[in-house]
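To find a chain, count down the sequence lines: A is the first, B the second, and so on, and within it residues start at 1.
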There are 2 protein chains.
Amino acid sequence: MTDKQLRLLKCVADETRFQILLTLKKGERCVCEIMEELGREQSLISHHLRALRKCGLIRRRREGKKIMYRLADPSILGLLADVEKLANKFC
Amino acid sequence: MTDKQLRLLKCVADETRFQILLTLKKGERCVCEIMEELGREQSLISHHLRALRKCGLIRRRREGKKIMYRLADPSILGLLADVEKLANKFC
DNA sequence: GGCTTATATGAACAAAGATTTATATGAATA
DNA sequence: TATTCATATAAATCTTTGTTCATATAAGCC
């Protein structure tokens, strides 16, 4: 278990970040959409998006005034499913 | 993603606890063996063992002066393997 | 260019978690 | 039963992480 792997695990093991990932699972979203969906402050979402980006889980692109976020790669869907499956098995 | 599931994830996403699980993967161990293997303080190990026990990942039994710890259930081996596999896929 | 909208960032603060220190408990043994 | 060995626990402290608040940036529009 490397440092980087541990950081990935910790990154996913946060409620807000996990919810953001679930939102992006449904497709590309801008920050304000994510804020609305989760009902949290803009700045908080922004910080968490940064963290997710730092571990390579999400990507972004600018579209006019907005910045659109998406899962970095479709295999992340698998990660989310697996994490949920694991958790279910033991809870 | 329930609260309990999140707690499980967080529990696994700690270096020391993960190492303890890897140690127990090799078989039942007493606290002093775990301490030695990880080279950490007795009290620290004890705290982490408690946390692991609290999420149901490990069990213990007394044997004379010693207390022996083990994985709660063989399916935890699967959990560890899966977690490592996931991490590898993205790191 | 000044204003607005959308997002990012840095600093301050709060909360949670890990680690250490000191002490307690409980079984074995002299 | 007093001592020792193995482990647990509580409190104190240190560290990390999450949250908020205030401000900056960058694009589009008037």
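With hydrogens and angles ignored, no donor-acceptor pair closer than 3.5 Å exists between the side chain of B:His47 and the base of C:dG17. With hydrogens and angles ignored, a donor-acceptor pair closer than 3.5 Å exists between the side chain of A:Ser43 and the base of C:dT9.
Proximity of B:Arg50 to the phosphate of D:dA8: no side-chain N or O atom is located under 4.0 Å from OP1 or OP2. When the side-chain nitrogen and oxygen atoms of B:Tyr69 are compared with OP1 and OP2 of D:dA6, none of them lie within a distance under 4.0 Å. Taking only side-chain nitrogens and oxygens, A:Arg17 comes nearer than 4.0 Å to OP1 or OP2 of D:dG18.
Whole-Å rounding puts the A:Ile20 CD1 to D:dG18 C1' distance at 12 Å. One interatomic measurement links the two molecules: NZ of A:Lys65 to P of D:dA27, which rounds to 12 Å at whole-angstrom precision. The CZ atom of B:Arg7 sits 10 Å away from the P atom of C:dG17 (whole-angstrom rounding). A straight line from CG of A:Leu44 to P of C:dA11 spans 19 Å, rounded to a whole angstrom. At whole-Å resolution of the value, CG in A:Asp14 and P in D:dT17 are 11 Å apart. At whole-Å resolution of the value, CG in B:Leu38 and C1' in C:dT19 are 14 Å apart. In this structure, A:Lys54 places its NZ atom 16 Å from C1' of C:dA8, rounding to the nearest Å. Atoms CG (A:Leu52) and C1' (C:dT7) sit 16 Å apart, rounded to a whole Å.
Both A:Gln42 and A:Lys10 lie close to DNA chain C; mapped to their nearest nucleotides by heavy-atom distance, the more 5′-ward contact belongs to A:Gln42. Taking for each of A:His48 and A:Arg62 the nucleotide of DNA chain D with the nearest heavy atom, the 5'-most of the two is the partner of A:His48.
Counted within 6.0 Å of CZ on A:Arg59, heavy atoms from surrounding residues, nucleotides or ligands total 12 or fewer; the atom is thus considered open.
Residues that satisfy the side chain to side chain donor-acceptor pair (under 3.5 Å) test with A:Glu37, not counting sequence neighbours, are A:Lys26.
Nucleic acid contact for A:Lys66: sugar-phosphate only, since backbone atoms but no base atoms lie under 4.0 Å from a heavy atom of the residue. Within 4.0 Å of B:Arg60, counting heavy atoms only, lie sugar-phosphate atoms of the nucleic acid but no base atom.
Between the side chain of B:Ser75 and the backbone N or O of B:Gly78, no donor-acceptor pair lies under 3.5 Å. Judged by distance alone, the side chain of B:Arg62 and the main-chain N or O of B:Gly64 form a donor-acceptor pair under 3.5 Å.
Salt-bridge check for A:Glu63 with A:Arg61: passed, with a basic side-chain N closer than 4.0 Å to an acidic carboxylate O.
With C:dT9, C:dA27, C:dT19 as the choices, the nucleotide that has an atom nearest any side-chain atom of A:Ser46 turns out to be C:dT9.
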